[in-house]
Structure formats: structure tokens, C-alpha cells
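The next block holds one structure in the form of C-alpha cells; read it before the comments.
Not measured: the values here are computed from a predicted model. Worth knowing before you read on, the calculation uses all heavy atoms, side chains too, and leaves out hydrogens, waters and symmetry mates.
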Amino acid sequence: MTSFFQTLGMTHEWAWFTATIAGILLIALPLMLAVAMIIYVDRKIWAAMALRRGPNVVGPFGLLQSFADGLKVFLQETIIPSAANKVLFLIAPIITFTVALMAWAVIPFNSGAVLADINVGLLYVLAVSSLGVYGVVIAGWASNSKYPFFSAMRAAAQMISYEVSIGFILICVVLWAGSFNLNAIVMAQKDHVWLINGFVANPLLFPLWVMFLISGMAETARAPFDLTEAESELVAGYQTEYSSMAFALYWLGEYANVLLMCALNATLFFGGWLPPLDIPVLYLVPGWLWLFAKIFFFFFIFSWVKATVPRYRYDQLMRLGWKIFLPVSLLFVVLVSGWLMATHHFCDADQTLYPDPDHYGRIVNNGVCP
Amino acid sequence: MIQVLAFYLFATLVIASAVFVIMSRNPVHSVLWLIVAFFNAAGLMVLVGAEFIAMLLVIVYVGAVAVLFLFVVMMLDIDFAELRAGFIRNFPLGIAIALVLVAELVLGIGAERAGALKLGTPDGTAAPLMDRSNIEAIGALLYSRYLFLFESAGIILLVAMIGAIVLTHRERSDTRRQNISKQVKRRPDEATINVKPEVGKGVQL
């Protein structure tokens, strides 16, 4: 896109700047629309599983329900509790919402169709997703009210706990792909096992995907791990004191985070924008369509779980994260890296695995590669 | 142009937020300003091309350390009057530390002006710019030349972690603990019996 703006007579720097701004808008605006629709889809799936009809009044099949809700919320009065810390109280939902949008910068939508094609893409996702907790913690503290504060404490502990095992799972994926760049990770999954595009078909990585899916639900505080907003214990959790647009920002941010988790599942384990099978005919369908289909599939799983699984108790949540996922994912780091070493995974691709630090550009063969 | 603008933006914000860390009356605000400072420092790292360090700074300091800071500071019950009373008493010590830091800065810059140390390859030439990414370059160094230092740092951290757990762990005998595998193993025929009591008689369990 940079070259297009350069033809309009801009210097390279400003053309890049304009192109980046345009790219951000191209991702953020459709994402907001997608969030509005996915909230509707969530409610419809949830209703169908409970043998109800779900939203069906506003617009055809109730499609415009989310927009009606948005308008209603927009017209409400913003109430700020008098004992609240006003600045932080208003900044908190903005942080949640912004952070939820930020991570989308490195998700590849097609071959080369990515806003920021950086080498440390996956680390960036980890970094940004670890910021999400601030929106919740600051809201809980700034509300100056006990239930939001309890909720903030829970959220902080929960998100940190599950980030640890998510980190180990991502390390395994990175080891196999040999790169932190998300596009490179997608390409590494091409024809991975018997024509299947995706690490999920790999017996060593499949258990990691299952753990990643569950950790993703815990990380986004989605049911059955929605203890931060457990209504029977904490009123509405950290959002208790919020109303109007501030509340809507939490709502949007939460669903944008869920969509991001679905996109990460699709990108890291199901081949991202690649078709499911490595058959030439399937490549006629544009890559972003495959990615969207996969995101939707994972969102259906998230909804399904929300509608069917009862909420965890808090100590069970902590037990699952620290006593089961952490040791198992650590074991898999050892297994995956051991397997890759034993099979000389990187040796035939290129010999740059062990560069000589004393002489840049020279490769040492330290006996690992035959 | 954009690089220069970005540099001055990040640099100003780092210094300003560092000042606010000290100036804030409320410790929670201090921690939040500290987070802003970390974040902008990460921005500066990206500007000089050290994207791996930048991401680690955000993941480790902003994502984990600062959250725990915030966690602790939020739950503290702080008497602000007492804090300000201590300020006068500790003022000379603070000045002394500030002077030491300034002296170190002056010494460092002076030494650099007088002829900086030559860093680089053993034969004295500067290390060539690497055409590979940060992560590969750091990994190549850490896992070859500095392997034993790196591993011993890891072991020290592991020992510290185990030490912290051993020191704070306490076994309580008076609590009822849940044994999930025992619960899952339980089958209906162990837990329930089907009886047909006669009228007027209870059930013997």
C-alpha cells in the first residue's frame, strides 16, 4: 500500500505513515463490525442450545440487535461513582478496548496481507495480551467498591497463571516452525502431515492445541472460566460500577479478545489462511476467507462451551493452570525440542542453526547435524 | 523525520513518567507511571532495532512484574502523612544517592569521550552488522559462548524460586482437601444403594 501512496506524490516516509494508518482503519473498522455480528451469533447459538429463539425482533432475523444495543448504551448517562478515582475509572475501559485491537496488527490475513510483518510477531501477541489485565485491574481499583476489587484480584491471578502455560505452548509451535513471525509459522504448516495444512495433525502438537484452546478460554475470562464476572458472587465483577459507553467498551474489547484467541488458534494450529488440505483446487478460494471460516469455527466452539459447561470453582481453576497445564506443557517443550533434535529437523532446511558467534556469517557444525 | 519525532516522543515520555513515579502522592499512580515508563523504554528499544529486548521488556516487566507490584500496592494500607514525615528524615540520604548517580554518569560520559572501549571481535575490528534477526543473534551468543553463564543464571533463578516456595509453603492438617482423582474414580455403585424399605421401617445404612 506504501507504493500506492507514493504515486500520489508523497515521500516514502509519509507514504508509509499514511499506508499504516489506512491499514489500521482497514483492520479496526471491519473488526468492530465483526464484533457486533459475533455478539449476535453468540446469543443465537446460546439461545439455540437452550431451545430459545434468541434475538429476532430488530431487523431481519434480529441481525441488527447488536446495533440497537449499541445505540441504547450510547444514549445512556455515564455514571461515575463519587468515590471513584475519576481519571483511572475512565482510562480503564479505553485500555481494555485499545489492547484488544492492538494484537490484530500481526495476524496475517493472506500471504503478505499483514499490517506489521515483524520478526517477533508471536512475542508481540504475548506482550499485548499480557497488557489486557491492566484494564480489569485498574477498573477494579478505581471503582473503589469491594466487588469490582475482588474481581480485579481474581482477574490478575487468573491471567498471569494461564499466560505461563500459553507461553510454553507457543514455544513448542515456534520450535517446530523455526520462527516467531506469524506468516512464517503459517507457511511452516503447509502440507505438514499427509496433505493436512496445520500443526494440529501432528501427534506431538495436538495435545498442545487442546491445552491452548482451554487456556485461551481462561485467558479471555470466557465461560467456564468467567470467575471475574461470576454474577452469583461478585454482582457483575469489575464492570459493576460501569454504565453507558464505558461499559460498551468492555463488552467490545472482550469479544475482540475472544475473536483474537480464535484467530490465534486458527493461525498457530490450523494453518491460518491456508486451506485445510494442501490440494491445488482449494487455493482458488481466497486465503482470508479460509481464515474467517476457521475463526468462525473456533468461535462456535467457544459459544458451545459457554452454553454447556458449568463455571469452575476458583481453586479448581488455579489447580488446572498450575498443577496440570504448566507441568504438561513444560514436558511437551522437552518432548518437542528433543524430537526436533533427534530427527535433525533444521539440518536439511538450512545450516544456520548453529552460527559461530566469533566469526559472524560462519556456521559451526557441532556434531548435531550429520 | 518520523524516527526523530518518535525518538523525542518516547524519550520525553520516559523521563516525564519517571518524574511522575516519584512525584505522585498515590503509590498506585506511581506504579502506573512506572508502567508507562517501561512501555516507552520498549518503544526506544524498537527504534534502535532491538525488537527482541523490547518485547521481553513488555512481557516480563509490564506483563508480569508490574502487575504483581500493582497487586501488592493496591492492597497496602498506606498512611500518607507518615510517608511525608519520613521524607525530611531521609532527604540527606536521597541527595547522597542522587550525587553518586550523577558522578557515575559524568565518569561514564567522560571516559567515553576520552576514548571508548573497543567492543567487537577479538582482532579489534568492530562486529559487523548482522543480516539476521535479533533473536537469532542473541540465541547464537547465549547458547554457544555464554552457555555456562546462561545455564548457571537459570539454575540460580530455579533455586531462588524453590527457596521462596519452601519458605512460604505451609502444610495445614485441619483443612479438608479435595482429591479430584479420588472423586473421579468413584463409581455410582460405591456411592448409592438401591433399597426397598418396608412400610414403617427406616433404611439401615
Side-chain angles (χ1 to χ4, degrees), chain A residues 11-14 16-17 20 85 87-88 91 95 118-134 137-138 140-142 149 152-153 155-157 159-160 163-164 167 174 178-181 313 315-316 319-320 323-324 352-361 363-364 366, chain B residues 1-6 26 28-29 31-32 35 38-39 42 46 49-68 70-75 120-123 127-147 177-178 180:
Chain A
T11 62
H12 180 75
E13 276 182 347
W14 288 107
W16 175 86
F17 191 70
T20 307
N85 190 319
V87 180
L88 289 182
I91 284 178
I95 291 177
I118 52 177
N119 285 327
V120 287
L122 203 52
L123 281 178
Y124 172 83
V125 171
L126 259 184
V128 170
S129 70
S130 67
L131 295 180
V133 65
Y134 283 109
V137 171
I138 294 174
W141 184 79
F149 191 63
M153 293 286 123
M159 288 185 186
I160 290 179
E163 241 154 50
V164 182
V174 166
S179 174
F180 274 101
N181 183 305
R313 219 170 52 205
D315 62 311
Q316 291 172 330
R319 177 181 171 274
L320 184 69
K323 290 190 177 170
I324 298 174
T352 54
L353 185 57
Y354 299 102
D356 186 352
D358 291 321
H359 302 278
Y360 289 100
I363 312 301
V364 195
N366 53 1
Chain B
M1 177 63 189
I2 291 176
Q3 290 93 318
V4 176
L5 278 179
N26 192 328
V28 172
H29 291 182
V31 177
L32 292 175
I35 293 162
F38 282 149
F39 213 76
V46 171
E51 72 255 17
F52 182 66
I53 308 282
M55 289 306 147
L56 280 198
L57 190 68
V58 176
I59 293 174
V60 175
Y61 283 93
V62 182
V65 174
V67 173
L68 295 178
L70 205 60
F71 206 91
V72 172
V73 166
M74 276 179 179
M75 290 197 282
T121 48
D123 54 339
L129 281 178
M130 286 154 292
D131 54 350
R132 55 167 175 262
S133 70
N134 262 260
I135 305 174
E136 278 177 67
I138 293 174
L141 274 179
L142 276 188
Y143 288 100
S144 57
R145 194 192 292 171
Y146 301 117
L147 179 66
R177 303 183 65 137
Q178 185 183 21
I180 290 187

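Heavy-atom distances place both the backbone and the side chain of A:Met153 under 4.5 Å from chain B. Heavy atoms closer than 4.5 Å to chain A are found in both the backbone and the side chain of B:Ala66. Proximity to chain B is limited to the side chain of A:Leu131, based on heavy atoms less than 4.5 angstrom apart. Only the side chain of A:Ile160 comes within contact range of chain B, with heavy atoms under 4.5 Å apart. Using a 4.5 Å cut-off between heavy atoms, B:Leu57 makes no contact with chain A at all. With a 4.5 angstrom heavy-atom cutoff, B:Val28 touches chain A only via side-chain atoms.
Remark: A:Ile138 CD1 to B:Met74 CE distance equals 6.5 Å, nearest 0.5 Å. Atom-to-atom distance recorded for A:Glu163:CD and B:Ile59:CD1 is 8.5 Å, nearest 0.5 angstrom. The structure places CD1 of B:Ile180 at 6.5 Å from CD1 of A:Ile324, a figure rounded to the nearest 0.5 Å.
Per-residue heavy-atom pair counts under 4.5 Å with chain B were compared for A:Ile118, A:Leu88, A:Val133, and the maximum is reached by A:Leu88.
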(message) Please determine whether side chain to side chain donor-acceptor pair (under 3.5 Å) holds for the pair A:Arg313 and B:Gln178, giving the CA-CA distance in whole Å, both sets of side-chain angles, and the decisive distance to 0.1 Å.
(response) CA-CA 12 Å; A:Arg313 219 170 52 205; B:Gln178 185 183 21; 2.6 Å; yes
(request) Go through the steps for B:Val67 and A:Met159 under the test side chain to side chain contact (heavy atoms under 4.5 Å, CB included), then give the verdict. (result) CA-CA 10 Å; B:Val67 173; A:Met159 288 185 186; over 6 Å; no
(request) Could you walk me through whether A:Tyr124 and B:Glu51 pass side chain to side chain contact (heavy atoms under 4.5 Å, CB included), step by step? (result) CA-CA 9 Å; A:Tyr124 172 83; B:Glu51 72 255 17; over 6 Å; no
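Atom CZ of B:Phe52 sits in a crowded spot, with more than 12 heavy atoms from other residues, nucleotides or ligands closer than 6.0 Å. Atom CZ of A:Phe149 sits in a crowded spot, with more than 12 heavy atoms from other residues, nucleotides or ligands closer than 6.0 Å.
Of the candidates A:Leu126, A:Asn119, A:Val120, A:Val128, B:Met55 forms a side-chain contact (heavy atoms from CB on, under 4.5 Å) with just one, namely A:Val120.
Between A:Trp141 and B:His29, the ring planes are perpendicular. Angles over 60° get that label, and only those under 30° would be called parallel.
Side chain of A:Tyr134 to backbone of B:Leu32: no donor-acceptor contact under 3.5 angstrom is found.
Minimum interatomic distance between B:Gly63 and A:Ser130 (heavy atoms only, all atoms of both residues): CA-OG, 3.5 Å.
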